[in-house]
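One structure is given here, and the rest of the page talks about it.
First listed ligand is number 1; within each ligand, the first listed atom is number 1. Computation of the quantities below employed the complete heavy-atom set of this structure, encompassing side-chain atoms and omitting hydrogens, waters and symmetry-equivalent molecules.
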Amino acid sequence: MAKPPIDPEKVVVFSGAGISAESGISTYRDANGLWAGVNPNAIASKTAWEKNPQKVLEFFNERMKTAALAEPNAAHHAVKDLEDVYEVVVITQNVDDLHERAGSKNIIHLHGSLMEARGDSKGSQAVYRGAIPIRYDETDDFGNQLRPNVVLFGEDMMHADESIDHIKTAGKIIVVGTSLNVYPAAGLLKKARYHSEKIIVSLEVDKIPFGFQMMRGKATEIVPSITRAWLASLAESEQAAPGKPDPAES
Ligand code: NAD
């Protein structure tokens, strides 16, 4: 089967916990991260939920409060600004809502969202809840215990096929603030095309995927400089080709 064409005006932003670090939300794996001295399986796994849902709720209610108090930073805003001229799809591993609050429109949460809740039963629909902690014994209309709509260790990642379709057709991909050691999320980047422009912005990554250029440094400093350059390059190419029809006029 023929590969789908690459759209030079489409950008995929693939983000992880590091993009929100400078907003005051701890990453999981850095030296002072949330997992320092903690066994993730004991508080954020499917087994932990089955054994001790109160403890899991407590952990995620705290994460949700921290996220609600944080503000989007210059990197989230720079990502949003790309929408002025590019088609932008944000594929995030993050469970916070800082991309939403920066104004990005098209966001895929691979690991769910702290701001959504659903009943603890297969097929239960997630609903937006905002920054309201979930109580133990709080149930949906069918009597199922409510839980945050986040992917626990041992559960399946969300929206894989949709994300792959976007990664395969993007002319530019920027990966921000991820260690790339959480799978299957990190594996999605293998679907990036040879001819697309591919950049990673992070303090540290385990292994740079093939074809990606590593730009080591803080998201708030590096992401805005990349997005400014991309915005300027598209404006220049449009000036050089003034005959391009305006879709709004056709
Ligand atoms: P990670 O904790 O494994 O890695 C974070 C990465 O960000 C590291 O590579 C680190 O070097 C980099 N980083 C830290 N500060 C940075 C900065 N200021 N600028 C640029 N890069 C910076 O995070 P991950 O790869 O996203 O995977 C962990 C999982 O943890 C994800 O699935 C996510 O669901 C979850 N998580 C989410 C949040 C959130 O929603 N904000 C926070 C913590 C963990």
side-chain contact (heavy atoms from CB on, under 4.5 Å) between E9 and E87, intermediate numbers included: CA-CA 6 Å; E9 297 184 14; E87 178 195 344; over 6 Å; no
Flag, side chain of N73 to backbone of I19, donor-acceptor distance under 3.5 Å: yes
Per-residue contact class, S26 against ligand 1 - non-hydrogen pairs under 4.0 Å: backbone
Polar atom proximity, K218 to ligand 1 (N or O, under 3.5 Å): no
4.0 Å heavy-atom contact, G217 with ligand 1: yes
Check against side-chain contact (heavy atoms from CB on, under 4.5 Å), R147 and L152: CA-CA 11 Å; R147 55 164 283 181; L152 301 172; 3.7 Å; yes
Proximal atoms of ligand 1 relative to I25 (non-hydrogen, under 4.0 Å): 41 (N)
Element-labelled atoms of ligand 1 that are located less than 4.0 Å from some non-hydrogen atom of V95: 39 (C), 40 (O)
Under 3.5 Å: N/O of V205 near N/O of ligand 1: no
T178 neighbourhood, listing ligand 1 atoms whose heavy-atom distance to it stays under 4.0 Å: 6 (C), 7 (O), 9 (O), 24 (P), 25 (O)
H76 and H99 aromatic ring geometry - parallel, tilted or perpendicular at 30°/60° bounds: perpendicular
Nearest option to atom 21 (N) of ligand 1, as decided by whichever heavy atom of V150, T27, L203, D206 sits closest: L203
Qualifying residues under ring-ring contact (aromatic ring centres under 6.0 Å, His included), relative to H109, sequence neighbours excluded: none
Subset of ligand 1 atoms that lie under 4.0 Å from at least one heavy atom of G177: 5 (C), 6 (C), 7 (O), 21 (N)
Side chain, backbone, both or neither: H111 near ligand 1, heavy atoms under 4.0 Å: side chain
Residues D7 and T169: side-chain donor-acceptor under 3.5 angstrom: no
Per-atom contacts of ligand 1 with D96, taking only distances under 4.0 Å to non-hydrogen atoms: 39 (C), 40 (O), 41 (N)
Q125 backbone acceptor or donor facing R118 side chain under 3.5 Å: no
E197 with K172: basic N within carboxylate O range, under 4.0 Å: yes
Atom indices of ligand 1, in the order listed, that fall short of 4.0 Å to a heavy atom of E204: 8 (C), 9 (O), 11 (O)
Per-residue contact class, Q93 against ligand 1 - non-hydrogen pairs under 4.0 Å: both
Hydrophobic cluster of L188, others only, ordered by chain and residue number, side-chain cut-off 4.5 Å: V12, F14, V89, I91, I108, L110, M157, I164, I167, I173, V175, L180, L189, I200, V205, I208, F212, M214
Mode of A219 contact toward ligand 1 - side chain, backbone, both, neither (heavy atoms, under 4.0 Å): both
N-O pairing of E83 and K80 below 4.0 Å: no
Proximity to ligand 1 by part of V182, non-hydrogen separation under 4.0 Å: side chain
Note, V88 side chain near S104 side chain (heavy atom, < 4.5 Å): no
Atom indices of ligand 1 within 4.0 angstrom of A21 heavy atoms, with elements: 15 (N)
Interfacing atoms of ligand 1 (cut-off 4.0 Å, heavy-atom, E22): 17 (C), 18 (N), 19 (N)
For ligand 1, the portion of N94 having any non-hydrogen atom under 4.0 Å away: both
